[in-house]
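Here's the structure, in structure tokens; my notes come after.
What you are looking at is a predicted structure, and each value in this text was computed from that prediction instead of being measured. Residue numbers run from 1 in the order of the sequence given.
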Amino acid sequence: MTMEKSLAASITPIVKALYKEAIIDKISAQRILRNAKLTSVTSVHPYVTLSDYKLINEKTGKPLSIEFITQFVAEMNGLAYLKVDPTKVNVNKVTDAVSQAYATKHKILPVDITPDTVTFAVAEPSDTSWLEELQRILRLKVIRVHSNPLDIQRLLFEFYGVNKSVKHAQKQHKNRSIDPILNLEQLVKLGSKGNLTADDQHIVNIVDWLLQYAFEQRASDIHLEPKREESKVRFRIDGRLHNVYVLPTLVMGAVVSRIKILSRIDVAEKRKPQDGRIKTLTSENKEVELRVSTMPTTFGEKCVMRIFDPDAVVENYEDLGFSKDEVKQWLQMINRPHGIVLVTGPTGSGKTTTLYSTLRKLATESVNVSSVEDPIEMVFQELNQMQVNPKIGLEFSSGIRTLMRQDPDIIMVGEIRDLETAKMAVQASLTGHLVLSTLHTNDAPSAINRLMDLGVPDYLLRSTLAGVIAQRLVRLLCPHCKEPSKVDAEAWVSLTHPWNLAMPDNIYHKVGCLECRNTGYHGRTGVYEIMPITGGLRKMIKEKMPSETVAAECYRIGMKPLRLSIANLLKEGKTSLEEALKLVPPEYD
């Protein structure tokens with residue numbers, strides 16, 4: 001089955017086999033074959049043509065996707081099916097097996113190589129014209145697996161294009177040493193001329209590929225980590241880091257310099273940490289913002305880019321993971337004319353997304369919404385955003401003081417870190433403004449004591465604090481592969497203690513499939529603990545009760561703790577017990 005065949009000759013055996021296995025009905029099969037006969041030679045792969053019909057598998061009720069068709073044809077031809085995961089392929093090693101021209105000509109992609117074998121993902125399972133020749137040249141046993149032809153086409157460019165750029169960049173500057181300021185450990189050759197230039201076209205290609213690849217993989221962060229000889233590129237996907245690529249340390253230095261140019265920070269300054277931002281487009285022309293942070297390490301500058309997708313800021317609170325009752329409570333807190341509302345949780349728990357989603361809903365034409373942030377993570381035209389700049393004395397506290405002169409209705413403070421900022425937030429609330437901010441605590445009740453520990457007087461806290469919400473992000477089980485399992489009674493008690501939540505008959509556990517990159521998880525959702533400040537709590541603030549006593553009172557009057565929010569997700573089959581136990585707040589153990 002080659003691309004030069006007519007569409008009818010390529011597609012007929014597949015359609016007949018699908019009909020024979022009762023995957024498609026007779027009418028659909030006849031329609032596809034009739035249309036194929038009317039089409040001459042085509043450059044579109046037959047799998048794409050079949051998937052464009054949007055047929056439904058008669059056995060399972062699921063769509064006939066390109067992945068399903070690829071897997072079906074692999075079985076027809078006696079081959080294993082492989083969904084190529086680029087993060088698990090040693091690109092530098094496999095691309096040495098065959099040239100780009102040879103791989104492109106035969107539509108084969110090297111994906112693994114051992115001392116005895118080399119594995120190729122093939123787009124055309126019936127084409128073996130290259131097999132004997134390649135085994136003779138490589139003197140290795142060639143193993144063929146069948147993969148999505150569109151993946152092979154894309155990855156041929158990525159594997160060879162990026163690898164070619166890395167090799168050219170390394171070869172071009174192989175006699176150059178690394179600046180001793182960048183690498184505290186490496187020996188320096190006398191008379192060295194410096195580093196690889198950041199504007200080298202090969203470096204531009206590597207950075208462009210890296211960013212687009214991160215967008216495709218749904219990464220939230222990109223980590224560039226220099227080491228002694230080979231530096232690592234890692235992506236954080238659904239809260240977990242994955243190794244993606246290995247770059248020579250010399251090339252990594254140039255890649256970081258290129259990123260610094262794009263983020264408009266000082267390229268020459270390599271001795272101290274710097275922050276910047278990049279605004280760019282994905283391959284689908286969607287705007288994406290990246291917050292860039294660099295810091296000097298033993299082997300060079302480490303760079304982390306946090307990716308902010310504007311689509312993460314949603315219209316409906318339910319899309320963030322709020323239940324109907326939680327939406328009602330949250331709206332009561334943020335629709336007050338004045339007061340302080342705090343969002344708490346560790347770094348990476350989704351506080352920013354919750355705040356921005358809330359502010360965009362509050363920012364109507366009749367309301368002035370202003371913020372002071374460090375840094376501004378996402379830019380929205382509905383908000384008046386100001387960034388902290390300590391170099392010129394613009395701190396959170398002075399920023400709030402400025403905003404109060406700007407006739408605001410709602411003020412957002414990026415984070416309450418010190419007494420001065422807390423006092424200004426309280427002052428803004430007392431003068432009739434709604435103040436939203438974040439605080440780093442493990443649960444909602446702890447926020448009260450944290451503010452008092454900072455030095456906020458209890459009488460001011462009673463007057464201004466309207467409510468606190470604590471949140472976490474929980475990985476969701478992949479809906480395509482999750483499977484039911486019995487509940488471990490001991491683990492369930494460990495999760496729900498001291499609350500007596502009824503144990504479900506079944507829960508779900510992760511499996512791993514093509515859709516989730518064999519992780520078993522796909523996407524994340526928020527879980528929340530919402531604490532409105534009631535009269536009883538104000539009395540406890542006055543009496544300076546410890547967090548444990550405050551928490552006990554909150555739970556007595558009906559506040560649902562984070563632990564039970566996670567347990568309910570587990571009962572609904574949305575996450576796994578393993579994931580739930582990882583997120584249990586340590587204070588409750």
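Looking at Glu382 and Arg360, a side-chain N of the basic residue comes within less than 4.0 Å of a carboxylate O on the acidic one, giving a salt bridge. A salt bridge is absent between Lys286 and Glu284: the closest approach of a Lys/Arg side-chain nitrogen to an acidic carboxylate oxygen does not fall below 4.0 angstrom. Using a 4.0 Å cut-off between charged side-chain N and carboxylate O, Arg417 and Glu395 make no salt bridge.
Counting heavy atoms of neighbouring residues, nucleotides and ligands inside a 6.0 Å radius, atom CG of Asp505 does not exceed 12 of them. Other residues, nucleotides and ligands place no more than 12 heavy atoms under 6.0 Å from the CG atom of Asn500. More than 12 heavy atoms of other shown residues, nucleotides or ligands fall within 6.0 angstrom of atom CD in Glu269. The 12-atom threshold is exceeded at NZ of Lys571, counting heavy atoms of other residues, nucleotides or ligands nearer than 6.0 Å. Crowding of Lys328 atom NZ: a count of heavy atoms from other residues, nucleotides or ligands under 6.0 Å not exceeding 12.
For Arg306, the side-chain hydrogen bond (donor to acceptor under 3.5 Å, both in side chains) partners two or more places apart in sequence, or in a different chain, are Asp221. In this view, Asn506 satisfies the side-chain hydrogen bond (donor to acceptor under 3.5 Å, both in side chains) rule with no residue, not counting sequence neighbours. Residues that satisfy the side chain to side chain contact (heavy atoms under 4.5 Å, CB included) test with Leu473, not counting sequence neighbours, are Arg524. A search for ring-ring contact (aromatic ring centres under 6.0 Å, His included) contacts involving Phe215 returns nothing, not counting sequence neighbours. Taking the side chain to side chain contact (heavy atoms under 4.5 Å, CB included) definition, one finds that Glu543 meets it with Lys539, Met545, sequence neighbours left out. Every residue two or more places apart in sequence or in another chain was checked for a ring-ring contact (aromatic ring centres under 6.0 Å, His included) with Tyr508, and none qualifies.
Taking OH of Tyr317 as the reference point, atom OH of Tyr528 lies at 10.5 Å (rounded to 0.5 Å). Note that CE of Met531 and CG of Asp443 are 8.5 Å apart. Values are rounded to the nearest 0.5 Å. A distance of 15.5 Å separates CZ of Arg236 from CD of Gln217, quoted to the nearest 0.5 Å. In this structure, His522 NE2 and Cys478 SG are separated by 6.5 Å, a value rounded to the nearest 0.5 Å. Leu262 CG to Thr280 OG1: the interatomic distance, rounded to the nearest 0.5 Å, is 8.0 Å. Remark: Ile416 CD1 to Thr438 OG1 distance equals 7.5 Å, nearest 0.5 Å.
Panel note: side chain Lys270, backbone Val267; a donor-acceptor pair is recorded below 3.5 Å. Of the possible donor and acceptor atoms, one in the side chain of Trp492 sits under 3.5 Å from a partner among the backbone N and O of Leu501. The main-chain N or O of Ile265 is never found under 3.5 Å from a side-chain atom of Gln274 such that the two would form a donor-acceptor pair. Of the possible donor and acceptor atoms, none in the side chain of Ser293 sits under 3.5 Å from a partner among the backbone N and O of Asp275. No donor-acceptor pair under 3.5 Å is formed between the side chain of Arg472 and the backbone N or O of Gly345. With Glu373 contributing its side chain and Gly414 its backbone, the two residues share no donor-acceptor pair below 3.5 Å. No donor-acceptor distance shorter than 3.5 angstrom exists from the side chain of Arg475 to the backbone of Thr575, with no hydrogens or angles considered. Checking side-chain atoms of Ser257 against main-chain N and O of Gly253 turns up a donor-acceptor pair under 3.5 Å. Listed for the Gln385 side chain is a donor-acceptor partner under 3.5 Å among the backbone atoms of Phe380.
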side-chain contact (heavy atoms from CB on, under 4.5 Å) between Ile259 and Met305, intermediate numbers included: CA-CA 9 Å; Ile259 290 167; Met305 290 175 278; 3.4 Å; yes
Could you go step by step and tell me if Glu553 and Thr549 meet the side-chain contact (heavy atoms from CB on, under 4.5 Å) rule? CA-CA 6 Å; Glu553 171 63 17; Thr549 308; 5.9 Å; no
Start with the C-alpha gap between Phe299 and Glu225, add the side-chain angles, then the distance that decides, and say whether side-chain contact (heavy atoms from CB on, under 4.5 Å) holds. CA-CA 9 Å; Phe299 298 106; Glu225 302 173 342; over 6 Å; no
Residue pair Asp238, Arg218: steps toward the salt bridge (charged side-chain N to carboxylate O under 4.0 Å, His left out) verdict: CA-CA 8 Å; Asp238 291 338; Arg218 302 181 297 107; 3.1 Å; yes
Begin from the C-alpha positions of Asp325 and Lys560 and carry the test salt bridge (charged side-chain N to carboxylate O under 4.0 Å, His left out) through to its verdict. CA-CA 10 Å; Asp325 289 341; Lys560 185 169 67 175; over 6 Å; no
Let's go through Ile507 and Ser576 carefully: what are the C-alpha distance in whole Å and the side-chain angles of both, what is the deciding distance for side-chain contact (heavy atoms from CB on, under 4.5 Å) to 0.1 Å, and is it a yes or a no? CA-CA 7 Å; Ile507 58 173; Ser576 67; over 6 Å; no
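When every heavy atom of Val343 is checked against every heavy atom of Lys351, the shortest pair comes out as O-CD, 3.6 Å. Nearest heavy atom pair, residue Ile400 against residue Ala428, reads CG2-CB, 4.2 Å. When all heavy atoms of Asp458 and Ile541 are compared, the closest pair comes out as CB-O, 3.7 Å. The two residues Gly399 and Val372 make their nearest non-hydrogen contact at CA-CG2, 4.1 Å. The minimum heavy-atom distance between Ala444 and Ala470, with the atom names listed, is N-CB, 3.5 Å.
Annotation: side chain of Cys303 is not in contact with side chain of Met252 (no heavy-atom distance under 4.5 Å). Under the 4.5 Å side-chain criterion, counting only non-hydrogen atoms from C-beta, Gln329 is in contact with Pro532. Using a 4.5 Å cut-off on side-chain heavy atoms (C-beta onward), Val367 and Leu362 make no contact. Under the 4.5 Å side-chain criterion, counting only non-hydrogen atoms from C-beta, Cys554 is not in contact with Glu529. For the pair Arg228/Thr249, no side-chain contact is recorded, criterion being any heavy-atom separation below 4.5 Å from C-beta on. A 4.5 Å side-chain heavy-atom check between Leu281 and Glu287 finds at least one atom pair inside the cut-off. Inter-residue side-chain proximity for Arg405 and Arg401 is flagged as met; some heavy-atom pair is nearer than 4.5 Å. Side chains of Leu403 and His433 form no contact here, defined as non-hydrogen atoms less than 4.5 Å apart.
A donor-acceptor contact closer than 3.5 angstrom links the side chains of Asp418 and Thr421. Side chain to side chain, Asp407 and Asn368 fail the donor-acceptor criterion of an N or O pair below 3.5 Å. Under the 3.5 Å distance criterion, with hydrogens and angles disregarded, no donor-acceptor pair is assigned to the side chains of Gln406 and Ser370. Side-chain contact, Thr354 with Trp330: no donor N or O sits under 3.5 Å from an acceptor N or O.
Paired with Val369 under the rule side chain to side chain contact (heavy atoms under 4.5 Å, CB included), one option of Leu434, Leu383, Thr358, Asn384 passes, and it is Leu383.
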